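What follows is a short report on a single structure.
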Amino acid sequence: MFLFFTDILHREIMDRYGRFLGYPFDFTAKFDEPYPRLTSIILSRSRFCRRYLEIPWTDVQFNDEHFSLRHALDTYSIKSEYRRDGVPTLRHNVLDQQVVDTFNRKLVRINDLHLLSVGGELRIAHVDIGIRGLVRRLGWEPAVDFVVRAFNRHATYLNVSSFIGWKYIQPLSIQDAAGKIQLNVDQQTLRSIPPSD
């Protein structure tokens with residue numbers, strides 16, 4: 001089953017007693033794997049004076065509706081900052097980053113992430129570089145889809161996904177300062193990769 005990062009940000013997080021805790025704010029991932037596995041979920045407790053809880057993925061169960069924690073809320077410590085040196089997160093280190101080719105030429109910007117749910121884990125499968133990914137991030141997808149479908153139900157916008165497989169991304173080049181993610185193939189090679197790949 002595939003899910004979008006922007007979609008799972010709207011899933012409720014419940015503790016082991018079924019109490020609502022909030023919504024995911026960010027995730028950490030193990031980027032040294034071919035398809036990075038999410039390793040923890042970051043929960044934000046307030047909109048204004050933010051406080052964060054980092055919950056290990058081993059304590060998380062998820063289904064089509066929400067995330068469930070194996071423990072109560074007071075098991076986890078609340079922090080004023082969740083980012084740590086050497087621990088990349090999806091929101092901070094991947095989303096909105098520029099994708100450059102092997103010659104350091106800017107190609108596109110990452111608008112969303114396509115995640116694969118397998119065996120109780122979520123893994124990054126693709127980056128979404130299309131306009132529809134941006135529309136989804138802004139929360140306008142249902143309205144824009146409706147309007148586009150009203151004019152042309154076979155529009156390219158509705159039927160063509162603009163994904164780049166994570167296996168073509170160079171994970172080691174995720175940099176806080178540069179804000180760039182590098183492809184491990186050049187631009188011409190990328191064009192020759194079949195869309196299914």
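Keep in mind that the numbers below use all heavy atoms, side chains included, and drop hydrogens, waters and symmetry copies. Nothing here was measured: the structure is a model prediction, and the numbers come from that model.
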Any donor-acceptor N or O pair under 3.5 Å, side chains [X], [Y]:
| X | Y | result |
| --- | --- | --- |
| Thr89 | Thr28 | no |
| Tyr52 | Asp26 | no |
| Gln61 | Ser68 | no |

Short question: side chain of [X], backbone of [Y] - any donor-acceptor pair under 3.5 Å?
| X | Y | value |
| --- | --- | --- |
| Arg51 | Ile78 | no |
| Arg132 | Asn159 | no |
| Arg123 | Leu116 | no |
| Asp59 | Leu69 | no |

Would you check if [X] and [Y] make a side-chain contact, meaning some heavy-atom pair closer than 4.5 Å?
| X | Y | answer |
| --- | --- | --- |
| Leu113 | Ile110 | yes |
| Arg109 | Asp96 | yes |
| Phe31 | Pro36 | yes |
| Asp15 | Tyr76 | no |
| His126 | Phe2 | yes |
| Val127 | Phe163 | no |

Q) Step by step, would you call Phe25 with Leu43 a side-chain contact (heavy atoms from CB on, under 4.5 Å)? A) CA-CA 5 Å; Phe25 181 75; Leu43 170 65; over 6 Å; no
Give, for atom [atom1] of [X] and atom [atom2] of [Y], the distance between the pair rounded to the nearest 0.5 Å.
| X | Y | atom1 | atom2 | answer |
| --- | --- | --- | --- | --- |
| Leu21 | Ser44 | CG | OG | 12.0 Å |
| Lys30 | Ile124 | NZ | CD1 | 13.0 Å |
| Arg19 | Ile13 | CZ | CD1 | 14.5 Å |
| Asn111 | Ile131 | CG | CD1 | 7.0 Å |
| Ser40 | Tyr82 | OG | OH | 10.0 Å |
| Ile55 | Thr75 | CD1 | OG1 | 10.0 Å |

Q. How far apart are the C-alpha atoms of Ile42 and Leu53, what are their side-chain angles, what is the distance that settles it, and do they pass the side-chain contact (heavy atoms from CB on, under 4.5 Å) test?
A. CA-CA 6 Å; Ile42 309 298; Leu53 287 87; over 6 Å; no
What are the two closest non-hydrogen atoms of [X] and [Y], and how far apart are they?
| X | Y | result |
| --- | --- | --- |
| Val148 | Ala155 | CG1-CB, 3.6 Å |
| Tyr35 | Lys167 | OH-CD, 3.4 Å |
| Glu54 | Pro56 | O-CD, 3.8 Å |
| His92 | Gln97 | O-NE2, 3.5 Å |

Q) On the ring face of Phe4, is Arg136 found with NZ or CZ under 6.0 Å from the centre and within 45° of the axis? A)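 Verdict for Phe4: a cation-pi partner in Arg136.
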Q.
Against the six-membered ring of Phe27, is Arg91 placed for a cation-pi contact (under 6.0 Å from the centre, within 45° of the normal)?
A. no
In terms of hydrophobic clusters joined by side-chain contacts under 4.5 Å, are [X] and [Y] together?
| X | Y | result |
| --- | --- | --- |
| Leu115 | Tyr23 | no |
| Tyr168 | Leu95 | yes |
| Ile41 | Leu3 | yes |
| Tyr17 | Leu73 | no |
| Tyr157 | Ile164 | no |

Q: Test Leu158 against Arg149 for side-chain contact (heavy atoms from CB on, under 4.5 Å), laying out the working first.
A: CA-CA 8 Å; Leu158 296 170; Arg149 198 173 282 115; 3.9 Å; yes
**Q.** Steps toward side-chain contact (heavy atoms from CB on, under 4.5 Å) verdict (Asp128, Leu134)
**A.** CA-CA 9 Å; Asp128 188 341; Leu134 179 60; over 6 Å; no
Q.
Are there over 12 heavy-atom neighbours, none belonging to Phe151, within less than 6.0 Å of that residue's CZ?
A. no
(Q) Does Phe20, at its CZ atom, have more than 12 non-hydrogen atoms belonging to other residues, nucleotides or ligands within less than 6.0 Å? (A) yes
Q: Specify whether Phe62 and Phe67 have parallel, tilted or perpendicular ring planes, treating 30° as the upper limit for parallel and 60° as the lower limit for perpendicular.
A: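 Rings of Phe62 and Phe67: tilted, 30 to 60°.
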Q: Compute the ring centroids of Trp140 and Phe146, then answer whether they are less than 6.0 Å apart.
A: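 No, they do not, as the ring centres are separated by 6.0 Å or more.
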